[in-house]
Structures are given as C-alpha cells and as structure tokens.
Amino acid sequence: RGREAGYDAVLAAPAAELRRADLGTANLEFAVAEAPAGDEFYHDPEVLPALRRAGVRVVSLANNHIMDRGAAGLEATLAGCAAAGLVAVGAGGNLAEACRPAVLELRGRRVGFLAYATPHPGQATERRPGVAPFVPERVRAELRALRARVDWRVVHVHWGSMYVDDPPPYVLDWAALLAEEGVDLVVGHHPHVLQGMERRGRTLVTYSLGDLAFDPSAGRFYAEVGRAKRRQGGVATVALAREAPGLRFTPLLQDDDFVPRPAAGAAGEAIRSRLQAMSEGLATARTRFLERSGPELVRYELQSLGHKLRRGHLREAAQLLLAVRPRHLPILWSYLARAGRRQGAGA
C-alpha cells in the first residue's frame with residue numbers, strides 16, 4: 001500500500017500523535033533494500049524519511065529480522081537511517097557498536113536509549129555484525145554506565161511470544177531487572193499484538209504496543225492465530241517526570257489494507273478495555289501464559305511447521321524443532337491437555 005499511496009499516507013494516523021511529542025521512537029523490524037531478493041521481509045528505502053517526517057527520531061534495530069539480509073543489509077539500513085535523520089540503536093558492526101547507547105538532549109535534559117533483543121543467531125559478537133542480545137549481567141553493566149551520563153533512560157526490548165496476550169515468565173523477569181536498575185521507560189515489541197502495561201516502581205513497562213504499520217500477509221506465512229487482534233495497536237505518549245510521570249494511549253485499528261487508522265467510538269473503547277484488562281491481569285501473567293497463551297503459541301508454531309513442510313523448507317522445519325528447550329515442555333503439555341479436553345467435550 002505504501003508504494004501506491006506513499007508512506008506518509010500510511011503513517012498519517014500515528015504521525016498525528018508522534019509529532020505532538022518531543023521525541024518519537026519505534027522499532028524498525030526489517031532491513032532496507034532497493035528491490036526484493038527472495039521472499040524475506042524488507043523495507044523500501046523511502047520508509048526511513050517517511051518515519052522521520054512522521055515524528056520518529058530514534059529507531060531500535062534490535063530484533064529478529066534486521067539481519068535477514070546479512071551484513072550488507074544492516075550496513076544499508078544504518079546508512080539510510082543516518083541520511084534520513086534517524087538515530088539507530090541496538091545493532092552494529094560488532095557487539096560494542098550494537099550495545100552503544102544514543103544520548104539526545106531534550107528541553108535541557110539528556111535522554112539515553114539502549115536496545116536489545118532476545119538472543120538469537122543474528123546477534124552481534126566481538127567480530128561479527130548483528131543485534132545487541134539481552135544478556136542480563138551485561139545489560140546491568142551498560143545501564144549503570146549510562147545512568148551517570150543521562151537524566152532519563154529508555155530501553156527497547158524485542159522479547160516475548162507472537163500473537164498471544166500474556167508475556168512469558170522470562171519477559172517478566174527481564175522487566176523486573178530493568179525496574180531494579182531504575183530504567184524510566186521500557187518499550188517492548190515482537191508479539192505483534194497489544195499486551196499489558198504496568199509501573200514497577202519508577203519504571204513504566206509497555207510489554208507490546210502491537211504493530212504500528214505492518215502487512216502480515218507479505219511474508220511466507222500468514223498465520224491464523226490472533227488475526228483479529230493483530231489489527232489492534234496504538235501510540236503511547238509518555239511524560240518523563242520525577243514527581244508526576246504521565247501516560248496517554250491512543251488506539252489505532254488497521255484497515256483491510258493493514259493501514260493504521262484512528263480507532264474512534266466503540267472500536268477505540270474496545271481496544272482500551274482490552275488493554276486495561278490485560279494490564280490488570282499482569283499479576284497472574286505467569287499462570288495465564290502457561291494456561292492460555294502458551295497453548296496458543298504452540299498452535300501457531302504447529303501451523304508454521306506444517307507450512308514449512310508443505311513448501312519443502314526442511315531446513316527451517318528442522319531449525320524450528322531443534323529450538324525446543326526444556327522450558328517449553330510445560331507449555332507443550334498444557335497445549336496437549338487443552339486439546340484433550342476439547343476432544344473429550346466433543347465426544
């Protein structure tokens with residue numbers, strides 16, 4: 001849609017909120033490319049200046065897709081961000097560059113940004129380009145070093161499980177770590193759906209704001225799980241202040257072309273109510289993830305595995321199976337138990 005109507009039109013709804021803020025920040029999920037090379041996701045180069053015009057100043061590159069086009073794709077993305085006036089964090093030519101914070105001055109105050117992703121094969125090392133992995137002790141050290149340089153600290157984290165309502169236990173543990181270090185704002189992404197928000201002491205954690213602008217039908221596999229709720233998202237406007245921090249959430253709803261539109265009236269109230277319910281349920285999120293979101297995640301992974309096998313992508317199917325870890329076994333058991341109950345009820 002962006003190639004037809006222009007990316008300014010696609011971003012018009014979120015831009016109305018982003019431009020009102022002193023600084024906008026977002027996750028940039030894909031590398032930029034002049035032309036498609038295969039069927040992986042990518043961004044047209046024109047997306048970057050459109051984001052800047054929409055009010056975005058800082059972008060996180062710490063995610064699981066920014067390295068899909070290798071070192072050359074990352075290099076082109078970093079160059080494109082710089083040319084568009086976007087400050088990029090969370091990825092670089094080596095681990096030190098990927099973990100380097102950005103420090104900006106706003107209204108006489110300094111705001112520091114860091115970005116991390118759940119460790120995966122695209123993470124940077126001392127000699128290899130990639131994204132900054134969330135390694136708890138390293139993150140603590142980098143946050144403490146940044147604290148002496150800035151007034152406010154904002155951390156992007158690409159974490160969690162796709163298309164489900166509840167953050168998994170490890171995400172809650174990482175949120176607790178960031179709160180212990182006194183981070184002011186945590187911007188979570190990767191689930192592609194709205195998840196709850198909470199204050200942990202002085203720290204505001206947004207576990208996921210959903211998709212700003214994303215066409216899920218553009219990739220190899222358009223999953224059935226969570227299709228309706230994937231259209232719900234929003235812009236969070238946060239006031240960083242010692243005594244009176246604030247938060248305003250503006251709901252957005254993607255249309256049939258996956259373009260975000262203002263969610264007014266009943267649609268907006270439905271999104272707000274769902275967000276409030278998920279936020280209030282965070283106290284029991286560990287149990288809810290195992291009993292509710294975990295089985296949904298298994299359903300998605302099984303759909304993905306079936307798609308890979310039907311298309312003959314055997315290597316990717318094997319990678320998916322080899323990614324199963326002992327911590328996943330309770331989730332799998334919960335899925336099987338739920339499936340057994342459904343089968344028994346229908347007998």
Side-chain angles (χ1 to χ4, degrees), residues 11 14-29 32 43 47-63 66 74-75 77-117 124 131-132 134 138-158 178-179 181-189 197 202-206 209 212 235-250:
L11 296 171
E17 288 299 313
L18 289 166
R19 290 176 186 150
R20 295 171 61 186
D22 293 315
L23 182 149
T25 186
N27 169 56
L28 185 70
E29 187 83 358
V32 298
H43 284 307
V47 167
L48 302 180
L51 281 171
R52 186 68 186 92
R53 291 191 295 269
V56 174
R57 178 87 179 278
V58 178
V59 291
S60 168
L61 305 185
N63 58 62
I66 203 70
L74 175 60
E75 185 177 352
T77 304
L78 290 168
C81 287
L86 294 171
V87 177
V89 291
N94 53 48
L95 184 61
E97 291 181 8
C99 296
R100 183 179 300 155
V103 178
L104 292 82
E105 186 166 326
L106 295 173
R107 298 191 180 190
R109 301 276 186 164
R110 291 167 298 169
V111 183
F113 289 82
L114 284 164
Y116 302 95
V131 306
F134 195 106
R138 184 183 180 97
V139 170
R140 283 188 187 276
E142 290 164 354
L143 286 172
R144 291 172 184 179
L146 182 60
R147 181 170 54 193
R149 300 173 52 195
V150 300
D151 300 288
W152 316 104
R153 288 172 296 169
V154 178
V155 178
H156 280 261
V157 194
H158 208 69
L178 296 169
E181 295 301 323
V183 169
D184 297 283
L185 173 63
V186 179
V187 183
H189 29 84
M197 306 177 184
R202 63 176 288 170
T203 303
L204 173 63
V205 182
T206 64
L209 293 172
L212 185 68
V235 175
T237 304
V238 180
L240 299 177
R242 300 293 182 191
E243 285 76 27
L247 168 66
R248 181 177 72 250
F249 176 75
T250 303

side-chain contact (heavy atoms from CB on, under 4.5 Å) between Leu78 and Leu61, intermediate numbers included
CA-CA 9 Å; Leu78 290 168; Leu61 305 185; 3.6 Å; yes
Worked verdict on Val205 versus Met197 for side-chain contact (heavy atoms from CB on, under 4.5 Å):
CA-CA 6 Å; Val205 182; Met197 306 177 184; over 6 Å; no
Does Leu178 form a side-chain contact (heavy atoms from CB on, under 4.5 Å) with Val157? I'd like the steps, not just the answer.
CA-CA 10 Å; Leu178 296 169; Val157 194; 4.0 Å; yes
Are Leu23 and Phe113 close enough, and set up right, to give a side-chain contact (heavy atoms from CB on, under 4.5 Å), and what steps lead you there?
CA-CA 12 Å; Leu23 182 149; Phe113 289 82; 3.5 Å; yes
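Side-chain atoms of Thr203 come within 3.5 Å of backbone atoms of Val183 as a donor-acceptor pair (strictly under, hydrogens ignored). Here the side chain of Thr77 pairs a donor or acceptor atom with the backbone of Val32 at under 3.5 angstrom.
Atom CG of residue Leu51 and atom SG of residue Cys81 lie 8.5 Å apart, to the nearest 0.5 angstrom. Separating the CG atom in Leu11 from the CG atom in Leu212 is a distance of 6.0 Å, to the nearest 0.5 Å.
Residues Leu48 and Leu86 form a side-chain contact, since some pair of their non-hydrogen atoms from C-beta on lies under 4.5 Å apart. Between Val111 and Val58, the closest side-chain pair of non-hydrogen atoms is not below 4.5 Å. The side-chain heavy atoms of Leu247 and Leu204, taken from C-beta on, include a pair separated by under 4.5 Å. Taking the side chain as every heavy atom from C-beta outward, Asp184 and Val154 never approach each other to under 4.5 Å.
Sequence neighbours left out, the pairs with a member in residues 87-113 that pass side chain to side chain donor-acceptor pair (under 3.5 Å) are Asp22-Arg107. Residue pairs satisfying the salt bridge (Lys or Arg N to Asp or Glu O under 4.0 Å) criterion with at least one member in residues 47-63, sequence neighbours excluded, are listed as follows: Asp8-Arg53. Sorted by first and then second residue, the pairs that involve residues 142-154 and meet side chain to side chain donor-acceptor pair (under 3.5 Å), not counting sequence neighbours, are Tyr116-Glu142, Arg138-Glu142, Arg144-Glu181.
The minimum heavy-atom distance linking Ala115 with Val89 is given by the pair CB-CG2, 3.8 Å. Taking both residues in full, the closest heavy atoms of Gly92 and Leu74 are given as O-CD2, 3.5 Å, listed atom of the first, atom of the second, then distance. Considering every non-hydrogen atom in both Cys99 and Leu114, the closest pair reads O-CD2, 3.3 Å.
Scanning for side chain to side chain contact (heavy atoms under 4.5 Å, CB included) contacts around Leu18 gives Pro14, Val56, Val235, with sequence neighbours left out. Listed by chain and residue number, Asn27 satisfy the side chain to side chain donor-acceptor pair (under 3.5 Å) test with Asn63 (two or more places apart in sequence, or in another chain). In terms of the side chain to side chain donor-acceptor pair (under 3.5 Å) criterion, residue partners of Thr25 (sequence neighbours excluded) are, by chain and number, His156. Residues satisfying the ring pair (Phe, Tyr, Trp, His ring centres under 6.0 Å) criterion with His158, sequence neighbours excluded, are His189, His190. Remark: Thr250 engages Glu17 in a side chain to side chain donor-acceptor pair (under 3.5 Å) (not counting sequence neighbours). In terms of the side chain to side chain contact (heavy atoms under 4.5 Å, CB included) criterion, residue partners of Ala98 (sequence neighbours excluded) are, by chain and number, Ala124, Ala132.
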